[in-house]
Amino acid sequence: MASKYQEYNQLNLPQIEKEILAHWEKNQAFEQSVTLREGATPFVFYEGPPSANGMPGIHHVISRTLKDLVCRYKTMSGFQVKRKGGWDTHGLPVELGVEKTLGITKDDIGKKISVEEYNNTCRTEVLKYKDKWDDLTRKMGYWVDLKSPYITFDNNYIESLWWCVQELYKKGLLYKSKSIQPYSPAAGTGLSSHELNQPGTYKNVKDTTIVAMFKALESENSAFLFDIARKADPAAEVFFMAWTTTPWTLPSNLGLTVGANIEYALIRTFNPYTHLPVFVVMAKDLTGKYFKKEGEDGDFSAYKEGDKVIPWQILSVFRGSQLENIRYEQLLPYVQPESGDPFRVLLGDFVTTEDGTGIVHTAPAFGADDNRVGQKYGIGIMTLVDRQGKFLDTVGEFGGRYVKNYKSDPDYKDVDVDIAVKLKKENRAFRVEKYEHTYPHCWRTDKPVLYYPLDAWFINTTAVKDRMVELNKTINWKPSSTGTGRFGNWLENMVDWNLSRSRYWGTPLPVWNTLNHSFFSPAQVYGSFEPLTRKCIGSRAELKGGYQFVKKEEFTRDILDENSELYKKIKKYNSKLTNSRDEDRINVAPIRTKISKKEEVFAIDLAAANWYYTDLIKKYCVEITNSVIESIDLHKPIVDDILFDHEGAIMYREPDLIDVWFDSGAMPYAQWHYPFENKEEFQKSFPADFIAEGVDQTRGWFYTLHALGAMLFDSVAYKTVVSNGLVLDKNGNKMSKRVGNVVDPFATLEQFGADATRWYLITNASPWDSMKFDLEGIKEVQRKLFSTVYNTYNFFAMYANLDKFTFKEAYIPLEERPEIDRWIISVLNTLVKDVTAYFNDYEPTQAGRAVQTFVDEHLSNWYVRLCRRRFWKGDYGHDKISAYQTLYECLETLSQLMAPVSPFFADWLFGNLNSVSARHAEGSVHHMNFPVAVAGAIDADLEERMQLAQDISSLVLSLRKKVNIKVRQPLQKILIPVQNVHIKEQIEKIGHLIKSEVNVKDIEYLTETEGFIKKKIKPNYKSLGSKMGAKMKAVAAAISAFSAAEIASLEREGQFNLLVENEELLIQLSDVEIISEDIPGWTVANKGALTVALDITITPELLDEGNARELVNRIQKIRKDSDFELTDRIQVKVAVIDSLKSAIINYNDYICTEILADSLEMVPELQDGIEIEVNDLTFNVLVNKKS
RNA sequence: UGGUCUGUAGCUCAACGGUCAGAGCUUCUGCCUUAUACGCAGCGGGUUGUGGGUUCAAAUCCUACCAGACCAACCA
């Protein structure tokens, strides 16, 4: 135990933090904060795993501060808060980073570099910045368990994920389907949205656009169109006009989509290319784009080929809903769809009249909207473009042609143009023109992207949508609008979760299939056989009995050798086929090509080559045994080389990976390797009480956690979620490396300290508002909050050391303490109450701001300021001890209140205090309990009158300024008109504080004020408004016009009958506010209802006293400049000045006491000493320390 | 394009139906201080993004725009 409070020369937050950090680590303070709560109610927190393949930024500091402060607060509130850290290690950003490092592209994987090598690189690269992250975690004071974090690439983690997938599979929630995804034919790969959002992918291009004419068929639905048209022309043909910027999708057209509430028109006109009379349907609002004004209702009989103006006429107008299900003739009938009910008009909410014709050509294969509406109506799907980006051979004269110039062919002919020409000739095009628009391009090949149907695995989240919506209502969202708005909306419009990623570094989808030769009947060869069988693996153990394809060299050799057993069997099999179609045969050519190109061979090749000869598996594979399972890595390519023998058919793994969001969404289970281990641990920690991340995670982590929680356990995954906003630079721009406006968190912490940074981030704005990050703000926090607390502590330490105050005396009951002590304790308890409420409500910003106000306005600038003398003057007695105990309690409580947000400084402050007083056994403030407000200590009256004291002082000071009398000059009195006894009593109790603060001798009260004080009356809108309603305006005017007598009457009677618009209304005293505006002959100031007058007469006595105080002030300055100790006694000589003589004589004792002088002499002349100035007089003073 | 959030003094933020919209930072001027901190008083600074509406009363509620941010989508 230290005997003295540590005193400091200067506040150095970064230095304090280094010391505290070392202290924490030495004493395992974090671990202790958890173990000390063993057996307590757990407060469950989930750490959203960051990815360590990028450097941490300042925005990570804010979300982690948020997490940390909640966990610290809850720990102090008595909960046990375990915080398991985690690392997100899979996914595209990792892969892209590795590809950049290695200088390769995705296509090189498996060619220039083996998948295994590639994944190994990912494995090491992904934790490249782990040290930096750990460093930041330490330095910013984020308490999280970094010793046993969960890592998503870990085998155990993946095994849990597989278990989750299998659970979903068992529930029938996992299915395979086609989805329309951005696809780059040039690169032969699907693109993720991430890749599509790379800068420069959207380019301006000029495309040939066509307004195509789809010929309507007659039916009951369309009769109303034909009836009208036939009246004008008995041979009328009716067409739907649809615009497209991708004419190559027209052969795949299966539908036309219109907006149900859009107005459409049937128009009679001529085709501008063929000049044939036509009747067309399009959105009424868009007719202006296709028809000239002059031609409206023109003369149809007079029209001839070549006329500039084509006549047109609107025959009828109707809503899109009337067009539903009208059938039309296929535009380019090269291929018929195999299934579905196509060539109908559909309704879709995505149709606009912004451009085009208001009728959307719908090819379900090549657009996400198209696909959705197509599925809804069951029009089928037709994909007449292959994966190289060229038309299938079946597409007539366009067969085999590339839809865009994917091969960079210099002689490439635009197929869109040829389609346009053909349609023009066939009277099926109304307009063909070039159109400039933005279109996404592949960021690697710079070629246009196609939207293309690709196989993908989905989780049927829409099936549990209602339950998810219901569960969401029980979650406490901060801010709530994110939960109801952004998240709630997202749930309402949910689509099935596309799990598939065709990449390499990630969790493999644990689904094995037999090869799907759908057009082939194996029964021909092998009797009865189920062509497609699937199994979903849910644990490593289930791999047992499978086979691992390891003898790749033998396989490679055999497939090239026509005498090998393998080759012979394939040949025999092929010859057995009675069906002679090539696709049905086992084709070794592609495998051979692969080998010749030195590309990696995988199990899927083996499966393709001998997919029904399972006995051959054994030749190239080893069986998976327990020992294999123990050591097997659950990544690509290892799992790809695992095969199963299913009743004579080979099952191979679906090549897809699982979306990384599944990894993080499953962390509640996978972090514990549930259900393979830690079942109990998991049950105790699900669901989470609290999570927090950036608002950008709403549809990311927040969603996947929620979805998996709902689907697997029919539960929420978290009870409270706080989403923080973005951190922008000080000009409100997004921080980006490219612009160079990123804030380096390390430099910031180093320079300003973690506490100031954390405090700034939390209190500047609510965490969920995006904040503009300005270092100036941190400086201000440092100056205003930390320096102030620090100085208050230092002030305390200085005097407490002199008086040897160690809190060894008994706690003085509040009622035995002076008014001001009870006041600050009251305010302190109010603060504790408020801060507790704010923290409980996840409003740290409010909590921090409340602490700031307390420190600045109440503790430092009122309590300490007014009590200064009590600490240095007089004996170590009751009053002094009371002051010490009070200030000590404030500081100690502050350290606890501040601990969650500024953990270092708080612990430092706590340690400094407790090391001397030893009031608590805890070695750290973070092991303490959070303070509990003592209701009995809160005295609202006392707080009210202290506010009065502050207001009155402020008014007097402003009066002094107005008449230029400095505070050191005493004045005789102030005059305060008081409305009622209560106010007077209140002021009387704190009168002494006001008097010393503003340096006046007396306070007088004016109660009998009638006729003397000029009063002003104002309506109290709040109380009056509800009573008066619409009469409010007239009442307010009447009240404002009150005469002095009327005001007096109201004051006297407590009520008043007011006549407004011939109606008598009773006005209560509480309905108005009466302000003493002026006291004739006095200098007066007002604030609200409070009025203060100041007597500015300076009598000779007052002048002497003022001069004496000036002199004291100057000599104190000399003491200070001379570095005298606080207790040093001095001797003073003053060169005599006539006008100061009386002051020095009359106030000699006072002066000596104040400056601790044993003697104060006047001498005629003084050569030595220091020149000082008192009220414009200059003279010398000699101050000597008494030896 | 849709959803959500945010627009208040030069800057950062309060006020969230009720008198005249307030603090701090910033410029300048005084004052106070046996606390190297701070504070106090004054001087400036605003049609509360814009236009409508509801109300006795709107920064606050409704509505339509405008701008920014995020998320999602992307278009015929």
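Side-chain atoms are counted along with the backbone in the values below, which use heavy atoms only and exclude waters and symmetry mates. Letters A, B, ... mirror the listed sequences (proteins, then strands); counts begin at 1.
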Within the 4.0 Å heavy-atom criterion, would you say [X] contacts the bases, only the backbone, or no part of the nucleic acid?
X         : answer
A:Tyr799  : sugar-phosphate
A:Val864  : base
A:Thr482  : nothing
A:Lys1018 : base
A:Glu1154 : base
A:Arg783  : sugar-phosphate
A:Asn1113 : sugar-phosphate
A:Glu780  : sugar-phosphate

Measure from [atom1] on [X] to [atom2] on [N] and round the result to the nearest Å.
X        : N      : atom1 : atom2 : result
A:Trp759 : B:rU12 : CH2   : P     : 22 Å
A:Lys966 : B:rU29 : NZ    : P     : 16 Å
A:Asp207 : B:rC75 : CG    : P     : 12 Å
A:Tyr703 : B:rA72 : OH    : P     : 13 Å
A:Leu785 : B:rA23 : CG    : P     : 21 Å
A:Trp490 : B:rA72 : CH2   : P     : 7 Å
A:Glu843 : B:rA14 : CD    : P     : 11 Å
A:Lys779 : B:rG24 : NZ    : C1'   : 16 Å

Exercise for review: Considering just the side-chain nitrogens and oxygens of A:Asn764, establish if one lies under 4.0 Å of OP1 or OP2 belonging to B:rC13.
Suggested key: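 Answer yes for this pair, as a side-chain N or O of A:Asn764 is under 4.0 Å from OP1 or OP2.
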
Practice item. Please check the phosphate of B:rC75 (OP1 and OP2 only) for any side-chain N or O of A:Tyr451 closer than 4.0 Å. Key: yes

Before accepting this row, confirm whether a basic side-chain N of the pair [X]/[Y] lies closer than 4.0 Å to the acidic partner's carboxylate O.
X        : Y        : value
A:Glu780 : A:Arg783 : no
A:Glu843 : A:Arg849 : no
A:Glu997 : A:Arg865 : yes

Point to revise | A:Asp769 vs A:Ala765, nearer the 5' end of RNA chain B by closest nucleotide | key: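 Looking at the nearest nucleotide for each, A:Asp769 comes out on the 5' side.
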
Exercise for review: For A:Gln846 and for A:Val695, find the nucleotide of RNA chain B with the closest heavy atom, then tell me which residue's nucleotide is more 5'.
Suggested key: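 Final value for this comparison: A:Gln846.
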
Exercise for review: Using a 4.0 Å cut-off on protein heavy atoms (strictly under), produce a 5'-to-3' string for nucleotides 39-45 of chain B with B for base contact, S for backbone-only sugar-phosphate contact, and - for none.
Suggested key: SSS----

Determine the interatomic distance between [atom1] on [N] and the same-named atom on [M]; round to the nearest Å.
N      : M      : atom1 : value
B:rU63 : B:rU4  : P     : 11 Å
B:rC16 : B:rC61 : P     : 12 Å
B:rG2  : B:rC25 : C1'   : 39 Å
B:rG42 : B:rU50 : C1'   : 36 Å
B:rG52 : B:rC11 : C1'   : 32 Å
B:rU54 : B:rC38 : C1'   : 48 Å
B:rA64 : B:rC70 : P     : 24 Å
B:rC31 : B:rG49 : P     : 40 Å

I'd like to know if the side chain of [X] pairs up with that of [Y] as donor and acceptor (distance under 3.5 Å, no hydrogens or angles considered).
X        : Y        : answer
A:Thr249 : A:Ser252 : no
A:Thr257 : A:Thr362 : yes
A:His858 : A:Thr853 : no
A:Asn794 : A:Tyr8   : no
A:Asp659 : A:Asn498 : no

With both distances under 3.5 angstrom, what nucleotide forms a Watson-Crick or G-U wobble pair with [N]?
N      : value
B:rU27 : none
B:rG2  : B:rC71
B:rC61 : B:rG53

**Study point:** Beyond-backbone contact of A:Phe214 with A:Asn253, side-chain heavy atoms, under 4.5 angstrom
**Key:** yes

Exercise for review: Using the ring-ring contact (aromatic ring centres under 6.0 Å, His included) rule, pick out the option among A:Trp497, A:Trp701, A:Phe487, A:Trp661 that qualifies with A:His706.
Suggested key: A:Phe487

Point to revise | A:Lys772, nearest nucleotide to its side chain (from B:rA37, B:rA72, B:rU12) | key: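 For the A:Lys772 side chain, the nearest candidate turns out to be B:rU12.
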
Check your understanding: From B:rC75, B:rC32, B:rA35, pick the nucleotide closest to the side chain of A:Glu1110?
Key -> B:rC32

Exercise for review: Tell me, with the steps shown, if A:Phe905 and A:Tyr790 meet ring pair (Phe, Tyr, Trp, His ring centres under 6.0 Å).
Suggested key: CA-CA 9 Å; A:Phe905 181 82; A:Tyr790 159 83; 7.8 Å; no

Set out, line by line, the N/O atom pairs under 3.5 Å between protein and nucleotides 55-57 of chain B.
unit_1: B:rC56; atom_1: O4'; unit_2: A:Gly1029; atom_2: O; d: 3.3
unit_1: B:rC56; atom_1: N1; unit_2: A:Gly1029; atom_2: O; d: 3.1

Check your understanding: Hey, mind stepping through A:Phe795 and A:Phe871 against ring pair (Phe, Tyr, Trp, His ring centres under 6.0 Å) and telling me if it holds?
Key -> CA-CA 9 Å; A:Phe795 173 88; A:Phe871 289 92; 5.3 Å; yes

